[in-house]
Protein chains: 2
Amino acid sequence: MAKVDTSLVAHLPLFAGVTPEALDEILREARSARYPKNSAIFEQGADAQSFFLLLHGHVRAAKTTPTGEQIVVRYVAPGETFGLAMAIGAVQYPATAIAVDDSVVLIWPTSAWPRLVERFPSLAANTLQTVGARLQESHTRILEMSTQQVEQRVAHALLRLAKQSGKKLDHGIEIDFPISRQDIAQMTGTTLHTVSRILSGWESQGLVESGRQRIILRDPHRIVVLAERSADSGAA
Amino acid sequence: MAKVDTSLVAHLPLFAGVTPEALDEILREARSARYPKNSAIFEQGADAQSFFLLLHGHVRAAKTTPTGEQIVVRYVAPGETFGLAMAIGAVQYPATAIAVDDSVVLIWPTSAWPRLVERFPSLAANTLQTVGARLQESHTRILEMSTQQVEQRVAHALLRLAKQSGKKLDHGIEIDFPISRQDIAQMTGTTLHTVSRILSGWESQGLVESGRQRIILRDPHRIVVLAERSADSGAA
DNA sequence: CCGATAGTTTGCGATAGCGCAAAACGGGAC
DNA sequence: GTCCCGTTTTGCGCTATCGCAAACTATCGG
């Protein structure tokens with residue numbers, strides 16, 4: 001069992017209110033693992049034997065319908081937990097987790113959760129907060145899907161990604177993991193074709209610069225404007 | 001401060017693992033109140049000064065956009081909590097809660113939450129479970145909005161309502177609180193017109209019987225079939 | 001009992017976005 | 001350096017669903 005450096009994770013919201021000694025104890029129950037790019041960390045429907053904390057890299061959580069369609073539930077950034085099925089009372093993972101970049105995670109056995117929560121109640125409180133925040137995001141997403149057109153939804157999605165995982169460049173903000181048109185379509189409830197058309201349009205207006213699984217927001221401010229306008233005209 | 005009968009609420013998931021004495025102590029911090037039909041319990045954006053447990057009646061939680069459009073986040077049934085903004089770290093209510101029927105609720109001051117959680121850690125664990133369940137429902141809803149057509153989404157919504165708040169009749173299942181076409185539209189991301197058309201169609205096929213703010217599922221089984229089919233034909 | 005009001009139904013264009021198909025493109029593997 | 005494969009782009013017809021408008025109808029208050 002690899003020793004994990006507490007200083008790397010002590011500041012995370014998950015461990016707020018946890019003493020260094022307690023943190024040490026918590027980390028002793030975890031092991032770490034590396035997942036190469038495009039490898040599955042767990043599959044939807046599998047028994048939830050572990051829960052995870054992402055240290056490095058990026059993970060995509062996606063949900064699949066019986067007929068094979070997928071949506072992206074969220075992208076996990078370093079410092080975030082995922083696969084918390086047990087905390088919410090699920091026996092199986094409700095989604096599939098794939099490393100979209102070479103990633104390093106901490107892994108706890110699900111069985112350790114009740115004990116940890118009992119010894120360190122703030123873990124439950126902290127987890128409640130993060131799950132609550134995700135619930136709010138989901139509601140926001142539902143609101144957007146109900147009331148906005150595709151272009152605005154894509155704008156919102158990109159802005160969110162930029163905020164969560166944006167790398168500042170001198171000429172814009174780059175989303176710093178590989179993401180395809182298809183992925184964005186699955187985040188916004190549309191098709192890769194429509195996303196491609198939208199990005200092409202934006203590119204010709206200098207709003208973004210994009211390529212194969214790569215997007216740079218060149219003019220975030222104008223994208224914010226796009227995201228917020230209700231339905232008026234906008235052709236050049 | 002009205003005395004609340006513990007026997008009425010002892011069996012709720014929220015209080016699982018809480019001793020009768022503890023429950024008594026928890027309830028002593030609450031007061032109860034009655035909200036008449038169509039009255040607001042709290043407004044989106046208001047300071048979250050209380051959290052609630054519904055005893056009788058039904059409550060609609062709805063989220064409004066800056067431009068005035070609304071979606072229904074969920075319907076609250078007796079025994080469920082709502083307005084848990086503080087537990088998830090929000091200072092203001094993210095949605096508006098309206099009693100859709102004469103309703104009775106228990107009300108705790110937000111300020112009591114940290115103390116209650118400290119004394120009774122299972123409260124946090126139980127709340128985590130319910131919030132987690134709601135998160136999953138939200139994801140399911142997003143999945144549906146992304147991959148299904150309106151008719152299927154409406155079918156799913158009605159089936160869910162029937163399961164949560166259905167009253168068994170000899171000739172079907174009635175949703176036992178007033179719900180309009182508009183409400184269903186706001187649950188499924190469509191317009192009241194489209195919902196009306198769909199229900200009219202179903203009514204003529206004997207699937208449902210409906211009227212002003214009233215819906216009876218006459219043939220739940222066939223509605224399940226409707227909800228599940230992907231996109232094939234179905235005209236009589 | 002009757003009128004006012006909120007909810008419902010329905011018709012009819014308009015259109016955003018889908019779905020299919022095919023071509024162009026870019027990057028990595030060998 | 002070249003080939004191959006996954007990704008992206010783009011054209012084009014189609015249709016589910018919206019949006020507006022107007023008529024209709026229960027229900028409730030008085």
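On a pure distance criterion of 3.5 Å, no polar donor-acceptor pair joins the side chain of B:H193 and the base of D:dT17. Counting atom types as modelled, A:R197 pairs a side-chain N or O with a base atom of D:dG11 as donor and acceptor under 3.5 Å.
In this structure, the CD1 atom of A:I184 is 17 Å from the C1' atom of C:dG17, given to the nearest Å. Atom pair B:Q148:CD and C:dC18:P shows a separation of 16 Å (rounding to whole Å applied). Atom CD1 in B:I198 sits roughly 14 Å away from atom C1' in C:dT10 (whole-Å rounding). Remark: P of D:dC28 and CG of B:N38 are 12 Å apart, rounded to the nearest angstrom. Rounded to whole Å, atom P of C:dG19 lies 12 Å from atom CD of A:Q182. Rounding to whole angstrom units, CG of residue A:D183 and C1' of D:dT7 are separated by 11 Å. Distance, B:R214 CZ to D:dT27 P: 7 Å, rounded to whole Å. Rounding to whole angstrom units, CD of residue B:E209 and P of C:dT8 are separated by 15 Å.
Taking the charged nitrogens against the carboxylate oxygens, B:R74 and B:E80 do have a contact shorter than 4.0 Å, which makes a salt bridge. Ion pairing of B:K168 with B:E174 is absent here, as no side-chain N (NZ or NE/NH1/NH2) approaches a carboxylate O to less than 4.0 Å. By the 4.0 Å N-to-carboxylate-O rule, B:E144 lies too far from B:R153 to be salt-bridged with it.
Taking the six-membered ring for Trp, A:F42 and A:F52 have ring centres closer than 6.0 Å.
Heavy atoms of B:G201 sit nowhere under 4.0 angstrom from any nucleic acid atom. Note on B:R212: a base of the nucleic acid sits closer than 4.0 angstrom, heavy atoms only. Nucleic acid contact class of A:S196 (heavy atoms, under 4.0 Å, all strands): base.
Each of C:dG17, D:dT8, C:dG19 was ranked by its minimum atom distance to the side chain of A:T191; first place goes to C:dG19.
For the pair A:V59 and A:I98, the minimum side-chain heavy-atom distance is 4.5 Å or more.
When the nearest nucleotides of DNA chain D are assigned to A:E203 and B:T194 by heavy-atom distance, the more 5′-ward of the two goes with A:E203.
Contact between the side-chain N/O atoms of B:S200 and the OP1/OP2 oxygens of C:dT8 is not found at any separation under 4.0 Å.
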